[in-house]
Amino acid sequence: PSNNRDSFGSKFGVIAAAAGSAVGLGNIWKFPYIAGVYGGAAFLFVYLGFILAIGIPIMLSELIIGRSSRSNAFGAFKVLAPGTPWRFIGILGVSAAFLILSFYGVVAGWSLQYIMLSIQDGFSSKTPEEIASLFSSLTESTVRPVVLQLVFMLLTGAIVIVGIKKGIEKYTKILMPLLVIILIFLCVKSLTLDGAKAGLEFLFKPDFSKLSGDGILSALGHAFFTLSLGMGTLITYGSYVQRDNNLLSTAFSVTIADTVIAILAGIAIFPAVFAFNIAPTEGPGLIFITLPNVFHQMPGGFVFSILFFILLTVAALTSSISILEVVVAYFKEEFQMNRKVATVLATVLVSMLGVLCSLSMGVLSPITFFGLNIFDLMDWISANLLLPIGGMFIAIFIGWIFGRKKVQKEVSYGGHLSGVLLSVFMFLVKFIAPIAIAIVLLNKVGLLSFS
Ligand code: PHE
Ligand code: NA
């Protein structure tokens, strides 16, 4: 309806921006660390199953909702289902955006610090033990993580304030391919290490007896987190996509890019984990402890480590801007704020929550809920609860409310969507996705039991 809405400039720009949102800390920091915690290959296979059966259909659903409504995550449901409670799914999404960005900025802050450490050649003279304690003293200190997180949020806000075409689209297009190249170099190096065989077996040879209900829930949560699903990121981005774009092929491209990069990160990290005797269950510090050891041993490691952490920060930025954009579009369109005011407000609010996360491994570490510190709690609630619940309703909405006819029209205005593909998609969103998500969540609550 409104003609002053932003839009993406090109088809490649759409894919780059959506892939920029998807590819981030989730792939390189979080995937290896939770795969490590939940047993490696068994986790990987369950996660891949969720990506295929649930991730792709929900990604397509979000893009459809966004483009057909041309609205933010909350407004979209007001346009498509006026006067119904569906719009509360948007509120759920905006809340998830706050929680995710609050801890995401902390990890991105660590990455900023590691750029500086790399430049000072801070790893080359250190033993593996010293590298490990370097990480814990960083995360436990009181001032540094807060400052780093604020700097990162400032960068995020600065890009979002500029808007879609000039800000978001421009930066993502250039830097993503570079990240992949560095990652491939790291894989090659890692595969020459002593731990290569053990690392690859850990990542690819499944032992399903290691799989727990928690592992399955985390695999589901991570499938949502890594693809940026369940909270309206792709509804928001979809609202800027023009009609000549084929949403199905966009969804496929983005999913493939995201998955390949996560697996590359696993190949880069697990051989090194075993070569340097680091516990795969190390947790959030896994890559920050493992990779410096690899750089240490690499010819040209000095340059590689600088480049790697710059690109990791950039990958985090292209994701964090997509999270902030959910909140900004919501403020902008629902409260008639201009982009500047909306962005400043959203950035300040998120940063405040981020300060708590920054301190949660140091001075605030005594504060725990269900045994989780604030950082882990934000991560857990958003990824394992809010995103799957949001995703479940998005699937139900497309499957049961929006319906097959409109889906067919919206996916591709130019091309033709084959009847078989359409039927598979409708079956997945009507039945498989909602039922699978419900089973995994109910199992967690203890109303059902797998084991
Ligand atoms: N997908 C991003 C990543 O893997 C994180 C993200 C989650 C971005 C939710 C947007 C929405 O790092
Ligand atoms: Na991702």
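When a ligand or atom number is given, it counts from 1 through the structure's own listing order.
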List the closest protein heavy-atom neighbour of atom 11 (C) of ligand 1: residue, atom name, distance to the nearest 0.1 Å. T233 OG1, 3.3 Å
To check you understand the geometry: which heavy-atom pair defines the closest contact between N245 and R67, and what is its length? O-NH1, 2.8 Å
Would you say the Na ion (ligand 2) has T226 as a near neighbour, meaning an N/O/S atom of that residue under 3.0 Å away? yes
Specify side chain, backbone, both or neither for M231, according to which of its non-hydrogen atoms lie closer than 4.0 Å to ligand 1. side chain
Could you tell me if T156 and S320 have a donor-acceptor pair between their side chains, going purely by distance under 3.5 Å? yes
Nearest non-hydrogen protein atom to atom 1 (N) of ligand 1, with distance, is F225 O, 2.8 Å
Closer than 3.0 Å to the Na ion (ligand 2): does that hold for any N, O or S atom in N27? yes
F397 vs F77 aromatic rings, parallel, tilted or perpendicular, using cut-offs 30° and 60°? perpendicular
Ligand 1 contact on Y104 by region, counting heavy-atom pairs under 4.0 Å: side chain
Can you find an N or O of L25 that's nearer than 3.5 Å to an N or O of ligand 1? yes
Examine A22 and say whether one of its N/O/S atoms is closer to the Na ion (ligand 2) than 3.0 Å. yes
Using the six-membered ring wherever Trp is involved, compare the ring planes of F225 and Y104 and label them parallel, tilted or perpendicular (cut-offs 30° and 60°). tilted
Have a look at ligand 1 and work out which part of S228, if any, has a heavy atom under 4.0 Å from it: side chain, backbone, both or neither. both
Over 60° means perpendicular and under 30° means parallel, so classify the ring planes of F123 and F309, tilted if in between. tilted
Geometric class of the F295/F308 ring pair [parallel <30°, tilted 30-60°, perpendicular >60°]: tilted
Just need the protein heavy atom nearest to atom 4 (O) of ligand 1, so name the residue and atom and give the distance. A22 O, 2.9 Å
Selection from S21, A316, G26 by shortest heavy-atom distance to atom 2 (C) of ligand 1: S21
Any idea which atoms of ligand 1 are less than 4.0 Å away from a heavy-atom of S322? 10 (C)
Quick one: which of L377, D376, V106, V107 gives a side chain to side chain contact (heavy atoms under 4.5 Å, CB included) with C357? V106
What's the verdict on side-chain hydrogen bond (donor to acceptor under 3.5 Å, both in side chains) for S228 and S21, showing C-alpha distance, side-chain angles and the deciding distance? CA-CA 7 Å; S228 308; S21 169; 2.8 Å; yes
Find, among atoms of D258 that are N, O or S, the one nearest to the Na ion (ligand 2), and state its name. OD1
Determine the interplanar angle of the F304 and F185 rings, folded into 0 to 90°, and report it as parallel if under 30°, tilted if 30 to 60°, perpendicular if over 60°. tilted
